[in-house]
Each structure stands twice: as structure tokens, then as C-alpha cells.
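Each remark here refers to the structure printed beneath this line.
Sequence lines set the chain letters: A, B, ... in the order given, protein chains first and strands last, and positions in each chain run from 1.
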There are 2 protein chains.
Amino acid sequence: MAKATGLTHNQQIVFDVLSHADRPQTAYEILGSELAHENGLKAPLTIYRALEALVDKALVHRIESLNAFIACDHEPHPEPAAFLICRNCRKTHETTMEACSGIFQATARQQLFTVEQVTIEMSGLCAECQAQARS
Amino acid sequence: MAKATGLTHNQQIVFDVLSHADRPQTAYEILGSELAHENGLKAPLTIYRALEALVDKALVHRIESLNAFIACDHEPHPEPAAFLICRNCRKTHETTMEACSGIFQATARQQLFTVEQVTIEMSGLCAECQAQARS
DNA sequence: ATCTATCACGTTATGATATAACATTTCAAA
DNA sequence: TTTGAAATGTTATATCATAACGTGATAGAT
């Protein structure tokens, strides 16, 4: 579980919730968590504001295809992150795509496009859920 | 504008709306379009059902980071598509990422993960919007 | 020390996106 | 011509996200 400094109270709570979760959490799942409740976080906007700050600090990633959020399990990194997202259990594995950075940049350059943000998400079945499907 | 056969009436209307649009459209934008209105498509679910069928047929792509949909501007293809999405004007350029397919597969294989769907979206500024920002 | 600008936060309301549940119609294969 | 699968219609509701506006804490400038 990653460390984080310079966080406000609300941000720390939300980050802790995500750090303890074993899969991406939606804003409303975070809102409904014990930890959030105990600490007085009770409005959706409170959660969304903390999430926005955490994403800005690159401590948390938004998973677009789930409308959910996951704590970054590396040190903050400049390379694009990629996610393997199980469509059955939703457990999500983060990795980086250094090998693709150049290809992406070249593609963008061709279109005179300036890339600010890269989203890579692969959906499918994780090893456990494949095994379970066979049994 | 791509051709499409074997579509139901509703699917054809929705596909036509997307084909004529110069940027991705949300379900509710499609719902609000002249063409949809004229043809009696008046409930969100009608639109979503047509979109689901079109995405299944690979005639339309969902842009996760916009919650919007775009007509595929190639023939249907097996390679992962990638999108360059302007955060200012929302115009979106589709391309393929054949060069990355192997990297993605290798990454997944390492985790014993079976990939079914790949999402690649790059957000930033298109050439026009960069020029406009400078002037 | 206090003014003042900024940032985080609280609260309420609402907007935007998406699906559930169930009834009806269509239409082609048997 | 029956019949069964797929598409559609209709209503209601679930889920995700932000607007608007006010309050309080903090820190640098005077």
C-alpha cells in the first residue's frame, strides 16, 4: 500500500479507502465505505473533490470503462499506465506501457495532435475467473 | 461515411446520426437529433439498445472517456482501435494500433489474462485547437 | 495583528448517463 | 399458420457527476 504526503483530511480518507480495496471503487462505493462514513464524508461531492485532487497528484487512476478509481500501486510515473480489468470479478492489474510510448507519440505527431493523457484499458477474464469458468 | 447492411430500422437511424456527426455523440445527443426525432426514436433505451447492437457489430465504437459513440470510419477490423480525442472541440480521430497488439498480448499473457476488449484513448489538443490557442 | 486572497470543505439541488421490468409487435423458420 | 426469437415500446428508476453558493481555515502582505 502506497504512502502519500501532503494530503488533506478528506483526500487521505479517500486514498486509504482505495488503498485497502482489492478492486476499483466507484465514488459511491467509497462514499458508502465504513472508513468514509466514520470520518464524516457524507456527500458525493466531497468524494469527487478528493478524487479529483488525488488524480491530479497521480496517486489515483480513474478507470474509464468502470467509472471507478484505483490507487496507483507504483510510485507516480510519467509513462502511460495500462490496466487489465476482469469483467467478472473486476479485479484490476496495473502495469505500464513504456514500450508503446513511442508508437503513441508517433501516431499523435502524424496528426499534429498534442497528447496530454493516455488511457489504456484491457477488459477480459483474469486467471482465477477463467479457472472458475472451467470448473 | 461507411455503409452498413443488416441493420434494423432503429439501428440504421442511430448509425446514420453518428455517421453524419463530426464528433462523438452521447446517447442523449443522438436522442435529441432531428433524424432520431423524425423517426420516432424518443426513449433513451431505444437509443442505447441500437447502440449496443451497433457496437457488437463493430460499426460503432464507444469512447469511454466521453461516454459517447462514434461511427467506425474503417471497415470493421480486429486490431485494437485508438482514438485521439481533442479535449477542446471533441473532434476525434480513429486509428489502429497494430504495432501495439503484440505488446498488449504479451502483457496479458504474463498475467494469464485473456483479453477480450482493448480501449486506447489519447486526450489532448488537435492541430486546429492548438493554432486557435496561439492566436 | 489584521487584512485579504485562496483553497478546501459543507450543503442542497439538479443534471447527465444508463438500465430494470414487463408488455407488445414483427417476422421468418418450421 | 403456428410459434418462438429478436426487436421494440413504455414507464420507472438506478447510477454517475456537477452547479451554485456559503463558510471556515490558512498563509503571505502590510
Side-chain angles (χ1 to χ4, degrees), chain A residues 4-18 21 23-33 35-57 59-70 85 87 90 92 117 119 121 123, chain B residues 4-18 21 23-33 35-57 59-70 85 87 90 92 117 119 121 123:
Chain A
T5 57
L7 299 185
T8 67
H9 178 249
N10 287 359
Q11 289 162 22
Q12 187 67 57
I13 303 300
V14 169
F15 185 73
D16 285 351
V17 171
L18 290 178
R23 69 204 70 191
Q25 303 288 298
T26 68
Y28 282 79
E29 284 169 346
I30 296 168
L31 183 64
S33 71
L35 193 52
H37 187 75
E38 284 168 358
N39 283 275
L41 280 65
K42 57 186 182 189
L45 194 43
T46 305
I47 308 298
Y48 279 107
R49 286 202 275 229
L51 285 170
E52 184 183 11
L54 291 167
V55 169
D56 284 350
K57 293 174 207 270
L59 294 170
V60 164
H61 297 287
R62 177 181 170 88
I63 307 296
E64 296 288 352
S65 57
L66 296 178
N67 296 324
F69 300 84
I70 189 172
I85 305 163
R87 68 164 156 81
R90 303 208 153 185
T92 294
Q117 165 95 40
T119 299
E121 298 178 10
S123 169
Chain B
T5 57
L7 299 186
T8 68
H9 178 248
N10 287 359
Q11 289 162 21
Q12 188 66 57
I13 304 299
V14 169
F15 184 74
D16 285 351
V17 172
L18 289 179
R23 69 203 71 189
Q25 303 288 299
T26 68
Y28 282 80
E29 284 169 345
I30 296 168
L31 183 62
S33 72
L35 194 52
H37 188 75
E38 282 167 359
N39 283 276
L41 280 65
K42 56 187 185 191
L45 193 42
T46 305
I47 307 297
Y48 279 107
R49 287 202 276 228
L51 285 170
E52 184 183 13
L54 291 167
V55 169
D56 283 350
K57 294 175 207 270
L59 295 170
V60 164
H61 297 287
R62 178 183 168 88
I63 307 295
E64 296 289 353
S65 57
L66 296 178
N67 295 324
F69 300 84
I70 190 172
I85 305 163
R87 68 164 155 79
R90 301 208 152 186
T92 294
Q117 165 96 38
T119 299
E121 299 178 10
S123 169

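An OP1 or OP2 oxygen of C:dC9 is reached within less than 4.0 angstrom by a side-chain nitrogen or oxygen of A:Thr8. Regarding contacts with the backbone of C:dT17, every side-chain N or O of B:Arg62 stays at 4.0 angstrom or more from both OP1 and OP2. Considering only side-chain N and O atoms, A:Asn67 lies under 4.0 angstrom from the phosphate OP1 or OP2 of D:dA17. The side chain of A:Asn10 contributes an N or O atom lying less than 4.0 Å from OP1 or OP2 of C:dG10. Of the side-chain N and O atoms in A:Thr46, one or more sit less than 4.0 angstrom from OP1 or OP2 of C:dG10.
For A:Leu31 and C:dC9, the CG to P distance is 15 Å, given to the nearest whole Å. Rounded to an integer number of Å, the gap from A:Glu64 CD to C:dT17 P is 13 Å. Between the P atom of C:dG10 and the NZ atom of A:Lys42 lies a distance of 8 Å, rounded to the nearest Å. Taking atom OH on B:Tyr28 and atom P on C:dT14, their separation rounds to 18 Å, with Å as the unit. Between the OH atom of A:Tyr48 and the P atom of C:dT11 there is a distance of 19 Å, given to the nearest Å.
The distance from the CG atom of B:Leu54 to the CG atom of B:Leu7 is 6.0 Å, given to the nearest 0.5 Å.
Both B:Thr26 and A:Leu45 lie close to DNA chain C; mapped to their nearest nucleotides by heavy-atom distance, the more 5′-ward contact belongs to A:Leu45. Comparing B:Gly40 and B:Pro44, the nucleotide of DNA chain D nearest to each residue sits closer to the 5' end for B:Gly40. Both A:Asn39 and B:Arg49 sit near DNA chain C, but only A:Asn39 has its closest nucleotide nearer the 5' end.
Rotation axes derived from the C1' atoms of the five outermost pairs at either end of the helix from C:dA1-D:dT30 to C:dA30-D:dT1 lie 20° apart, to the nearest 10°.
Distance alone, capped at 3.5 Å, is enough to place a donor-acceptor pair between the B:Gln25 side chain and the B:Arg23 backbone.
Atom CZ of A:Arg90 sits in a sparse spot, with 12 or fewer heavy atoms from other residues, nucleotides or ligands closer than 6.0 Å.
A side-chain N or O of A:Glu121 and one of A:Ser65 form a donor-acceptor pair less than 3.5 Å apart.
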